[in-house]
Amino acid sequence: MVFEILKEEIRYQMKQALLHYNINEKDINIEITEPPLKEYGDFSCNLAFLLSKNLKKNPFEIAKYIVNDILPNFKGKENEKSLIKSVSVEKPGFINFTIDMKKFLKIFFSNIQSITQMPKYGNNKELILIEHTSVNPNKALHVGHIRNAVIGDCLYRLLLSTGHNVKVLNYVDDSGLQVADIITAFKYANIPFEEENIPGITKKFDHYCGNYVYVKINELYATRPDLEVKRKIILKELENPNVEISKFTQQIVKRVLRDQLQTCWNLKCHYDILNFESQLIQSDLWDNIFKTLKEKKVIRFETSGKNVGCWVFTSKTEGDKVLVRSDSTITYFAKDIPYALWKLGYIENPFELEFISQQWDNTNLYQTTIKNIENEKSNVHSLIDFEVKKVITIIDYRQERLQSLLVEILINLGIEKTKYSYLGYEPVTLSNKTAELFGFSLKNKKSTQMSGRKGIFVEADVALDLLIKKAHEEINKRNEYISEREVSQIAKEIAISAIRYYFVKHDIGKMITFDINDSLSLEGDTGPYIQYSYARGKRIYNKIENINDYLEDYALTDLDLTSTEIELIKQVSKFSSTIKESVNNTDPKLVARYLFAVSALFNNFYEGSPILKETGNKKNIRIKLLCSTLSIMEHCMKIIGVTPLEKM
RNA sequence: GGGUCCAUAGUUCAGUUUGGAUAGAAUGGCUGCCUGCGGAGCAGUUGGUCGAGGGUUCAAAUCCCUCUGGACCCGCCA
């Protein structure tokens, strides 16, 4: 907030300069940035460079002219309201501003309450839907899936914290090829349902299915083509919910899903509704949409060429895409259309919501079921009775092309482009060291792509367990008198925070090379580092007696703060603008990076500015700074899912 | 063949949307700092032809072109 005021003041003055030159401010993109060196002041403006094009003059001369002649009174206004103490011109043509620190600090310390408040600007009436995780229910989550879940969950937390109305969906492809694979294995390849005496398989059913059953059946296809035939039959049969194989499949899916959710809940991910592909197929959604697509001439029936007999969508950029095959079955891609339209609320809802279970955060998880017409009064939940403002889907970037096709179809149906968006993230690969450690062959590459089919992956549960163990040891090193139960509790919180922070801090569009040792570090730019600096701060906080006495009044005489303290104050001041930027760019990474920067500055402050043994005004000021830092750290930690700890 | 994305310190990554001053973190290596509010920390040091070449510009890691290396997408599979 304080920063915004400052920037606005500078911007206003720069606009005055523009008026002098008779240039429309809209034609020129004035940037107010922070210079790389302290000697250049606190803010910097590029106006002179921009004008040099129009005026065909040396930017340095323009800058000097602006500062000395156009805005001369801007310089000597020290006793007025201005927050700017001085203006200077630097080498190539920068106009640099120095803050009047006394005034700045005065505003900061008298507005701590509002500065440290979470900015709220969502509209509660409009609903935002986020779909994430959506892992095929035939295997346990691996570290690549965590990336999806954590990004989605952090985005959810970010939007929720800023006052938006958000719900999270998790799509379960319970009738796809991957599920058919393990069903084939159980039914026709003599692979038992239960994990009996198979080495290296943990107790969880999802691990058994993913680590053993799925890999095994894929190996068997090479020598048993009959199994692939069986799989194809199963796939077709799964479209009918009443046949025996569908009922069997539902049982298997349910067990895998239960275990997958456990992993997600362990990582503190929140969901509201589970959607099932089988229900989308069984409902009449597709029939209605197919009709509409035909009526609106979005798709056409091909009478010649390679797609003869199919219903085809012609994309402007991607060419032809088959939606309905010549045998009248619908393609994988076509199934996404009814789901997208359902999410957007553009079609009559054929589903009702059924309570499944409570989650780790005491919220309820629901699943869709097809409406029972005879039972009209059944509990139709109001969870999605809002106007859907936006749907955001977190997807593997390899699906981006299909999603862009989908958007094209939605636009053809008259839906605004902005309503449906997707975030494609690059995959997680394994570092050579890690691949080697888990016994995967290397092939002379920089990193190894994971593959569920080939059994090349590191499971989420394995990574989490490893971290818990590591944290456990560290806690025992540091705490002599502590109960085993408490150690376990804290170790888990540290491990979760480490994983979540790791997966959200990277840019979504860059590949991550996952190394089981380096990536799951507890030191440096990590979740535990943030937790540690928070714990240090909190410990001081708890030792302050009568803390309210310090927070109420303040004396602003003699504010001789250290440079570290000023840096921390500046950083804290950027809280709300960082949150806003993060929301506007739908990028939770920005919050993570900000949080780390605050934590690092706080550790500096901690080393150099003692609080408890300090007295008088200095103590007062430092306590205020401590409290405001802890407060914004809490906000940010909540968004990232890094647990605030008082002891670790 | 058509298209998308990536390449920055030994390693893992920010910075590229919107061009700005001496390219930043973390980690590793080396060196200091605990009778102090918790050393999971702090300070210092080491380490970069920003893949290569050209272009645009007062100014390029950032924009444009070419090339090299890598990943991926392009099915009546899901």
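Not measured: the values here are computed from a predicted model. In what follows, chains carry the letters A, B, and so on, assigned in the order in which the sequence lines appear, proteins first and then strands, with residues in each chain numbered from 1.
- Per the geometry, NZ belonging to A:Lys538 stands 20 Å off C1' belonging to B:G41, to the nearest Å.
- Nucleotides B:A43 and B:C34 have their C1' atoms positioned 14 Å apart, rounded to a whole Å.
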Nucleic acid footprint by protein, nucleotides 71-78 of chain B - heavy-atom cut-off 4.0 Å, B for base, S for sugar-phosphate alone = SSBS-BSB

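- The same atom, C1', is picked in B:G28 and in B:G70; the two are 25 Å apart, to the nearest Å.
- With a cut-off of 3.5 Å on both pairing distances, the Watson-Crick or G-U wobble partner of B:G69 is B:C6.
- Here the separation of B:G39 from B:A23, taken at their C1' atoms, is 31 Å to the nearest Å.
- Between A:Thr643 and A:Ser497, the shortest heavy-atom distance links the atoms N-OG, 3.1 Å.
- Base-pair partner of B:U16: not found among the strands shown (Watson-Crick or G-U wobble, both distances under 3.5 Å).
- Partner assigned to B:A61 is none, using Watson-Crick or G-U wobble distances below 3.5 angstrom.
- Look at CG on A:Asn604: it is 14 Å from P on B:G39, rounded to the nearest Å.
- The existence of a salt bridge linking A:Arg539 and A:Glu646 is excluded, since no basic side-chain nitrogen approaches an acidic carboxylate oxygen closer than 4.0 Å.
- Taking the six-membered ring for Trp and the full ring otherwise, A:Tyr171 and A:Tyr339 have centroids separated by under 6.0 Å.
- Scanning all heavy atoms of the two residues, the minimum distance from A:Thr331 to A:Arg325 falls at CA-NH2, 3.7 Å.
- Note on A:Asp518: nothing from the nucleic acid sits closer than 4.0 angstrom, heavy atoms only.
- For B:A21, the base has a donor-acceptor partner in the side chain of A:Ser44 [N/O atoms by modelled type, under 3.5 angstrom].
- Seen from the ring of A:Tyr221, A:Arg231 counts as a face-on cation partner, given the 6.0 Å and 45° thresholds.
- In the set B:G20, B:G39, B:U12, B:U12 carries the atom at the smallest distance from any side-chain atom of A:Lys446.
- Among the nucleotides B:U12, B:A40, B:G20, the one closest to the side chain of A:Arg478 is B:A40.
- With B:C42, B:C13, B:A40 as the candidates, the nucleotide lying closest to the side chain of A:Tyr532 is B:A40.
- Contacts of A:Asp515 with the nucleic acid, taken as non-hydrogen atoms under 4.0 Å apart, are absent.
- Looking at heavy-atom distances under 4.0 Å, A:Arg593 makes contact with sugar-phosphate atoms alone, never a base.
- Using a 4.0 Å heavy-atom cutoff across all strands shown, A:Lys477 reaches no nucleic acid atom at all.
- Base pairing annotation: B:G1 forms a Watson-Crick or G-U wobble pair with B:C74, both donor-acceptor distances under 3.5 Å.
- Using a 4.0 Å heavy-atom criterion, one finds that A:Ile512 contacts the sugar-phosphate atoms exclusively.
- Nucleotide B:A14 holds its C1' atom 17 Å from the OH atom of A:Tyr594, rounded to whole Å.
- For B:C13, the OP1/OP2 oxygens have a side-chain nitrogen or oxygen of A:Thr513 closer than 4.0 Å.
- Checked for salt-bridge contact, A:Glu474 and A:Lys477 meet the test: a charged N lies under 4.0 Å from a carboxylate O.
- Residue A:Phe49 contributes atom CZ, which lies 9 Å from atom P of B:A21 at whole-angstrom precision.
- Across the P atoms, B:C33 and B:G51 are found 40 Å apart, a figure rounded to whole Å.
- When heavy atoms are screened at a 4.0 angstrom cut-off, A:Arg539 is found touching base atoms of the nucleic acid.
- Among the protein residues, A:Asn96 comes within range of the nucleic acid bases, having at least one heavy atom under 4.0 Å from a base atom.
- Base pairing of B:U11: its partner is B:A26, meeting the Watson-Crick or G-U wobble criterion (both donor-acceptor distances under 3.5 Å).
- Judged by the 6.0 Å distance and 45° axis criteria, A:Lys505 is not positioned over the aromatic ring of A:Tyr501.
- Taking atom C1' in both B:G47 and B:U12, the straight-line distance is 15 Å, to the nearest Å.
- The nearest heavy atom of RNA chain B to A:Tyr502 and to A:Asp587 marks one nucleotide each, and the one closer to the 5' end goes with A:Tyr502.
- Aromatic ring orientation, A:Phe290 versus A:Trp286: parallel (interplanar angle below 30°, classes split at 30° and 60°).
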Verify ring-ring contact (aromatic ring centres under 6.0 Å, His included) between A:Phe596 and A:Tyr529, making sure each step is shown before the conclusion.
-> CA-CA 8 Å; A:Phe596 176 67; A:Tyr529 174 92; 5.2 Å; yes

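- For B:G41, the paired base is B:C33 (Watson-Crick or G-U wobble, both distances below 3.5 Å).
- Between the C1' atoms of B:G2 and B:U57, the separation comes to 34 Å (whole Å).
- Place A:Asn29 and A:Phe605 on RNA chain B by their nearest nucleotides, and A:Asn29 ends up nearer the 5' end.
- At the phosphate of B:C42, OP1 or OP2 sits under 4.0 Å from a side-chain N or O atom of A:Tyr529.
- Looking at heavy-atom distances under 4.0 Å, A:Tyr606 makes contact with a base.
- A:Ile516 has its side chain within reach of A:Val458: a pair of non-hydrogen atoms, C-beta onward, lies under 4.5 Å apart.
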Show your reasoning for whether ring-ring contact (aromatic ring centres under 6.0 Å, His included) applies to A:Phe94 and A:Phe49.
-> CA-CA 8 Å; A:Phe94 290 100; A:Phe49 296 112; 4.9 Å; yes

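- Among the protein residues, A:Ser521 comes within range of no part of the nucleic acid, since none of its heavy atoms lies under 4.0 Å from any strand.
- For the pair A:Lys543 and B:G36, the criterion of a side-chain N or O lying under 4.0 Å from OP1 or OP2 is not met.
- Residue A:Lys510 places a side-chain atom within donor-acceptor reach of the base of B:U16, judged by atom type and a 3.5 Å distance cut-off alone.
- Using a 4.0 Å heavy-atom criterion, one finds that A:Ser447 contacts no nucleic acid atom at all.
- Between B:U66 and B:G1, the two P atoms lie 15 Å apart (nearest whole Å).
- Nucleotides B:G15 and B:G3 place their P atoms 28 Å apart, quoted to the nearest Å.
- Stacking between A:Phe94 and B:G20 is absent: the ring centroid is not both under 5.5 Å from the six-membered base ring centre and under 30° in plane angle.
- Among the nucleotides B:A26, B:A40, B:A59, the one closest to any side-chain atom of A:Phe596 is B:A26.
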